[in-house]
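Below is one structure, written out as structure tokens; the observations come after it.
Start at 1 and go down the list; that is how both ligands and their atoms are numbered.
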Amino acid sequence: MSAPPVHATVLSFEDARRAVEEHAAKLHPTGMEYVDLLAAAGRVLAEPVFADRDIPPFPRSTRDGYAVRSADLAQLPATFDVIGEIKAGEQLGRIPSAIGSGQVAAIMTGAPVPAGADAVVMVEYSTQHGERVEITKGVVPGENVVPRGAEARQGSSLLDRGLRLNDAAIALAASVGKSWLDVYKLPRVAVLTTGDEIVDVNATPGPTQIRNSNSYSLAVQIRRAGGEPVLLPIAPDEPQALRRLIEDGLKSDLLLMTGGVSMGRYDLVEQVLSEMGAEFFFTGAKIQPGRPVVFGQVMCGAGTCGAGTLARPGTLVPPPRKYFLGLPGNPVSTMVTFELFARPMLEALAGQSPCKLVFLHARLKSEIRIKPGLRRFLPAVLTGELENSEVELVAWQGSGDIAATARANCYIVIPPDRDRITAGEWVAVMPR
Ligand code: AMP
Ligand code: MG
């Protein structure tokens with residue numbers, strides 16, 4: 001069967017990225033699982049987490065010192081009776097029920113400030129002799145005290161669904177007693193690499209063959225973005241076999257292909273997808289590396305789409321449509337286009353709230369001259385910190401050069417209207 005030729009739609013980087021974000025917004029995670037707190041690190045939260053009590057649960061001293069009535073310190077130095085000592089975790093019965101005029105209580109960081117006291121004077125401003133203490137510095141009301149419930153009220157929401165759980169979020173969940181959490185299932189992302197010249201990592205390549213590296217860089221990127229890679233066999237540049245493997249890939253939640261999307265006679269990915277009735281949202285982006293990147297959606301045939309939707313008897317459920325990205329086969333193009341265009345789709349399937357690309361800024365070490373027209377993401381090395389951050393392109397042989405990219409720790413981003421960037425200019429840098 002021959003399909004109409006694919007209409008070429010080459011978008012600017014911004015428009016291509018927007019298209020991906022708009023489609024990502026329509027995606028949902030495929031389910032939830034209940035995991036223990038440490039297994040939840042890096043996963044996406046599927047339930048809101050609430051404060052089980054006021055935080056802090058009592059007015060908490062933030063210093064070692066003396067709990068005082070701030071008004072008593074109008075005249076300095078001042079001397080007080082020390083009526084008790086309050087350790088962190090002190091039993092309620094051992095905490096003075098009230099601090100009266102002329103009285104203070106010794107108090108430690110993390111201990112509850114007793115009634116009557118409204119501030120804590122740091123121990124550095126005191127001299128204690130037996131049961132008496134002289135204080136040499138005043139405090140304003142509330143100083144060195146976090147009021148009960150100031151960080152969160154009992155029942156208030158602390159963490160929202162869609163948050164990727166980092167160290168602080170895990171700590172917060174621990175602080176409210178959540179030792180298990182509902183997280184979203186990892187989306188399954190199929191990786192289909194194409195090309196007659198590509199052989200498995202364990203095979204001995206013939207003189208004109210190369211080993212498959214893209215499936216591995218993609219698997220790493222998929223894991224890092226919160227997905228589970230499903231590596232398919234290498235597809236030859238032959239339509240029937242390619243189609244069968246694409247159909248296999250469509251059983252996963254997202255299909256990523258590498259290679260076969262350029263203008264070559266044996267670049268068959270778009271043709272085969274077009275024969276399968278695919279809709280293409282773009283067939284190129286004005287970027288380098290990665291210009292031939294393809295994004296679209298295709299209907300899956302019966303039995304090829306994994307779990308699918310359960311239909312009530314008598315209801316017609318249209319076959320599900322799955323998203324695919326055809327990433328250019330050059331290894332650096334594959335890595336860059338994953339970060340720019342595949343990641344938002346994967347994150348949405350993982351249940352994560354949309355997030356923007358993160359760029360750093362650094363001073364360019366050596367001048368760059370370049371042909372304008374494309375937004376470039378060129379492998380580079382970032383050194384130094386803060387105001388002294390510097391960045392320099394790695395010497396490379398183009399977007400097939402994995403060795404150069406392995407030496408890089410970032411990409412310099414060059415806007416499409418620039419033909420020259422002078423040494424010392426601040427440039428945007430995408431970490432890798
Ligand atoms: P293509 O996009 O199919 O024209 O491939 C572009 C270049 O990337 C060619 O030099 C391919 O040999 C190379 N390439 C394609 N797929 C892979 C892969 N899986 N691993 C490493 N290199 C690849
Ligand atoms: Mg190829």
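Residue Gly195 places no heavy atom under 4.0 Å from ligand 1. Judged by the shortest distance from any of its heavy atoms, Ser262 lies inside the 4.0 Å radius around the atoms of ligand 1.
Per-residue contacts place Gly259 under 4.0 angstrom from the following atoms of ligand 1 (heavy atoms of the residue considered): 1 (P), 2 (O), 3 (O). Close approach to Thr193 involves these atoms of ligand 1, each under 4.0 Å from a residue heavy atom: 18 (C), 19 (N). Counting atoms of ligand 1 from 1 in the listed order, those under 4.0 Å from a heavy atom of Gly260 are 1 (P), 2 (O), 3 (O).
At least one donor-acceptor pair under 3.5 Å links the side chain of Asp118 to the backbone N or O of Ser70. Asn212 places no side-chain N or O within donor-acceptor distance of the main-chain N or O of Val201, the cut-off being under 3.5 Å. A donor-acceptor pair under 3.5 Å links the side-chain atoms of Lys322 to the main chain of Leu250, judged by distance alone. Side-chain atoms of Thr258 never come within 3.5 Å of backbone atoms of Thr193 as a donor-acceptor pair (strictly under, hydrogens ignored). Distance alone, capped at 3.5 Å, is enough to place a donor-acceptor pair between the Arg363 side chain and the Gly424 backbone.
When non-hydrogen atoms are compared, ligand 1 lies under 4.0 Å from neither the backbone nor the side chain of Ile234. Only the side chain of Asp267 comes within 4.0 Å of ligand 1, counting heavy atoms alone; its backbone N, CA, C and O stay farther away. Within the 4.0 Å heavy-atom criterion, the part of Arg211 lying near ligand 1 is the backbone and not the side chain. With a heavy-atom cut-off of 4.0 Å, Ser215 does not touch ligand 1 at all. If you look at Asn214 next to ligand 1, the close heavy atoms, those under 4.0 Å, come from the backbone and the side chain alike.
Regarding atom 22 (N) of ligand 1, its nearest protein heavy-atom neighbour is Ile210 CD1, 3.4 Å. Here the protein heavy atom with the shortest distance to atom 20 (N) of ligand 1 is Ser213 N, 3.0 Å. The protein heavy-atom contact nearest to atom 9 (C) of ligand 1 is Glu197 OE2, 3.9 Å. Distance from atom 6 (C) of ligand 1 to its nearest protein heavy atom, with residue and atom name: Asn330 N, 3.6 Å. Counting protein heavy atoms only, atom 14 (N) of ligand 1 is closest to Gly329 O, 3.2 Å.
Between Tyr125 and Tyr66, the ring centre distance reaches or exceeds 6.0 Å.
The number of heavy atoms from other shown groups lying within 6.0 Å of OH (Tyr266) does not exceed 12.
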Tell me which donor-acceptor pairs under 3.5 Å the side chains of residues 406-413 have, and how far apart each pair is, sequence neighbours excluded?
| from | atom 1 | to | atom 2 | distance (Å) |
| --- | --- | --- | --- | --- |
| Asn409 | OD1 | Leu382 | N | 2.8 |
| Asn409 | ND2 | Leu382 | O | 3.1 |
| Tyr411 | OH | Arg432 | NE | 3.0 |

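Residues satisfying the ring-ring contact (aromatic ring centres under 6.0 Å, His included) test with Phe324, not counting sequence neighbours, are Phe280.
Evaluated for a side-chain contact (heavy atoms from CB on, under 4.5 Å) with Phe282, the options Val294, Val10, Asp15, Val20 yield exactly one hit, Val20.
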